[in-house]
Amino acid sequence: MSSTLPVLALLFNAFVWGVSWWPLRTLQAAGLHPLWATALVYLAALACLALLMPASVRSFLRNPKLWLLAVAAGLTNICFNWAVTLGDVVRVVLLFYLMPAWSVLLAWWLLEERPTPLALARLLLAFAGVVLVVLPPGAPLAHLTRGLSWIDLLAVAGGFCFALTNVFLRRFNQTPERDRMLAMFCGGFVMATAGALAATAWGLANAPPAPQTGWLLVAAALALAFVAGNLGLQYGAARLAAGTTALVMLSEVLFASVSSVLLDAAHLAPRMLMGGALIVLAALLALWPRRSLRK
């Protein structure tokens, strides 16, 4: 039982993010662009956290290094939410889960952790999976970039920013968890609001519609789910080995795939399945060094 609750908490967080595309698309159908939806949801979540943890607000404002975490987490959310709202859900989630590959490069650059041969093998596996997911059948490898849509680029950028977020979390691990949590939600609100204002000014997004009870309830429910999911992540990750946490969080791919296929929001072609298997395998290989060290 000592590990059951933390695992369930992590599974809940993975479930929230795995099915978040559905309420986001519901908000978009009501006329709320994904950027405006993200800003509204994170404003509600941030207001709850600020009321519950006023000391963390002061700590965040006095700690400039947490602003870096806020920016990285905010960019992660706007890229992922925008992409998963408009694109093929499984394709977006798979491209987003290049995150472990980016982590190798970012840790090498920012943490001076030289990649091991296994880490380089993970990079090759992950990018081979991208080729299968993105490259049209029969097209030469030189046409890889032609197979990438702007939604794909958003998903890849989201995964990169998520990897950067994780690197900052490790770099600032002496900072209280609640301060880091508030920084991530603050970044989600500020970056989404800035992005929504810019997109609206450039004609890429419509202004938010007049408030209506229906979509306001959906936004409030999604905000509560994100807060609860983040609490689950904090609870589970603090009580389980890092490798176990990473393994459980991969269930997000399963939740996203099953829900999107059932609701006809994704198309599972054979090449996507094979590419997805390589990307997931690359993520699973990230656990190998940790397990070896514990033996």
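What you see is a predicted model; the values in this text were computed from it and never measured.
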Exercise for the section: Please lay out, stage by stage, how Val84 and Trp17 fare under the test side chain to side chain contact (heavy atoms under 4.5 Å, CB included). Expected result: CA-CA 10 Å; Val84 84; Trp17 283 102; over 6 Å; no

Practice task
Say whether, by atom type as modelled, one donor and one acceptor occur between the side chain of Thr76 and the main chain of Cys161 under 3.5 angstrom.
Solution key: yes

Problem - Distance (rounded to the nearest 0.5 Å) between Leu148 CG and Leu154 CG - result: 11.5 Å

Exercise for the section: Just say parallel, tilted or perpendicular for the rings of Phe226 and Tyr42, cut-offs at 30° and 60°. Expected result: tilted

Handout entry: Cluster check Val258, Val253: I/L/V/M/F/W/Y, side chain < 4.5 angstrom
Key = no

Exercise for the section: Please check if any side-chain donor atom of Trp82 sits under 3.5 Å from a side-chain acceptor atom of Thr38, or the reverse. Expected result: no

Exercise for the section: Verify, without hydrogens or angle tests, whether Ser59 (side chain) and Ser56 (backbone) share a donor-acceptor contact under 3.5 angstrom. Expected result: no

Problem - Sub-4.5 Å side-chain heavy-atom contact between Phe189 and Leu40 - result: no

Practice task
Taking the side chain as every heavy atom from C-beta outward, state whether Leu263 and Val89 have any pair of such atoms under 4.5 Å apart.
Solution key: no

Problem - Single-linkage hydrophobic cluster, 4.5 Å side-chain cutoff, Ile151 and Val156 together - result: yes

Problem - Residue pair Asn13 / Gly229: nearest heavy atoms and the distance that separates them - result: OD1-O, 2.8 Å

Practice task
Tell me, with the steps shown, if Asp179 and Phe60 meet side chain to side chain contact (heavy atoms under 4.5 Å, CB included).
Solution key: CA-CA 6 Å; Asp179 293 359; Phe60 168 68; 5.9 Å; no

Problem - Taking every non-hydrogen atom, the tightest pair across Met191 and Ala70 - result: CG-O, 4.4 Å

Practice task
Give a yes or no answer on whether the side chain of Arg91 reaches the backbone of Val133 with a donor-acceptor pair at less than 3.5 Å.
Solution key: yes

Completion exercise
Taken to the nearest 0.5 Å, the spacing of Leu66 CG from Met184 CE works out to 11.0 Å

Practice task
Could you tell me whether Trp202 atom CH2 has more than 12 heavy atoms of other residues or ligands within 6.0 Å of it?
Solution key: no

Practice task
Look up atom CG in Asn230 and atom CG in Leu49, then write down how far apart they are to the nearest 0.5 Å.
Solution key: 8.0 Å

Exercise for the section: Flag yes if Leu11 and Leu254 sit in one hydrophobic cluster, no otherwise; membership is Ile, Leu, Val, Met, Phe, Trp, Tyr, and two members link when side-chain heavy atoms are under 4.5 Å apart. Expected result: no

Practice task
Using the rule that two of Ile, Leu, Val, Met, Phe, Trp, Tyr join whenever any of their side-chain heavy atoms come within less than 4.5 Å, decide whether Leu27 and Leu204 are in one cluster.
Solution key: no

Fill in the blank from the handout: Nearest heavy-atom approach of Pro211 to Leu216 is CB-CD1, 3.8 Å

Practice task
Determine the minimum heavy-atom distance between Leu95 and Ala155, stating which atoms define it.
Solution key: CB-CB, 3.9 Å

Exercise for the section: Check the side chains of Trp22 and Ser260 for a donor-acceptor pair under 3.5 angstrom, ignoring hydrogens and angles. Expected result: no

Handout entry: Heavy-atom donor-acceptor pair, Trp36 side chain to Thr193 backbone, under 3.5 Å
Key = no

Exercise for the section: To the nearest 0.5 Å, tell me how far Ser259 OG sits from Trp21 CH2. Expected result: 5.0 Å

Handout entry: Donor-acceptor contact below 3.5 Å, side chain Ser149 vs main chain Asp152
Key = yes

Problem - Over all atoms of both residues, closest heavy-atom pair of Ala44 and Ala223 - result: CB-CB, 3.8 Å

Handout entry: Evaluation steps, side chain to side chain contact (heavy atoms under 4.5 Å, CB included), between Arg62 and Val57
Key = CA-CA 9 Å; Arg62 293 194 302 262; Val57 176; over 6 Å; no

Exercise for the section: Say whether Leu231 and Phe12 are linked into one hydrophobic cluster, either directly or through other cluster members, by side-chain heavy-atom distances under 4.5 angstrom. Expected result: yes

Completion exercise
On a heavy-atom basis, the closest approach of Val93 and Ala256 is CG2-CB, 3.7 Å

Problem - CG-CE distance between Leu94 and Met272, expressed to the nearest 0.5 angstrom - result: 7.0 Å

Handout entry: pair Pro209-Trp215: side-chain heavy atoms closer than 4.5 Å
Key = yes

Practice task
Would you sort out whether Ile78 and Leu35 count as a side chain to side chain contact (heavy atoms under 4.5 Å, CB included), showing the intermediate values?
Solution key: CA-CA 6 Å; Ile78 62 176; Leu35 290 176; 3.7 Å; yes

Exercise for the section: Indicate yes or no for a side-chain donor-acceptor contact from Arg180 to the backbone of Thr175 under 3.5 Å, with no hydrogens or angles considered. Expected result: yes

Practice task
Answer whether the closest heavy-atom distance between the side chains of Asn206 and His33 falls below 4.5 Å.
Solution key: no

Practice task
Give, for atom CZ of Arg58 and atom CG of Asn63, the distance between the pair rounded to the nearest 0.5 Å.
Solution key: 14.5 Å

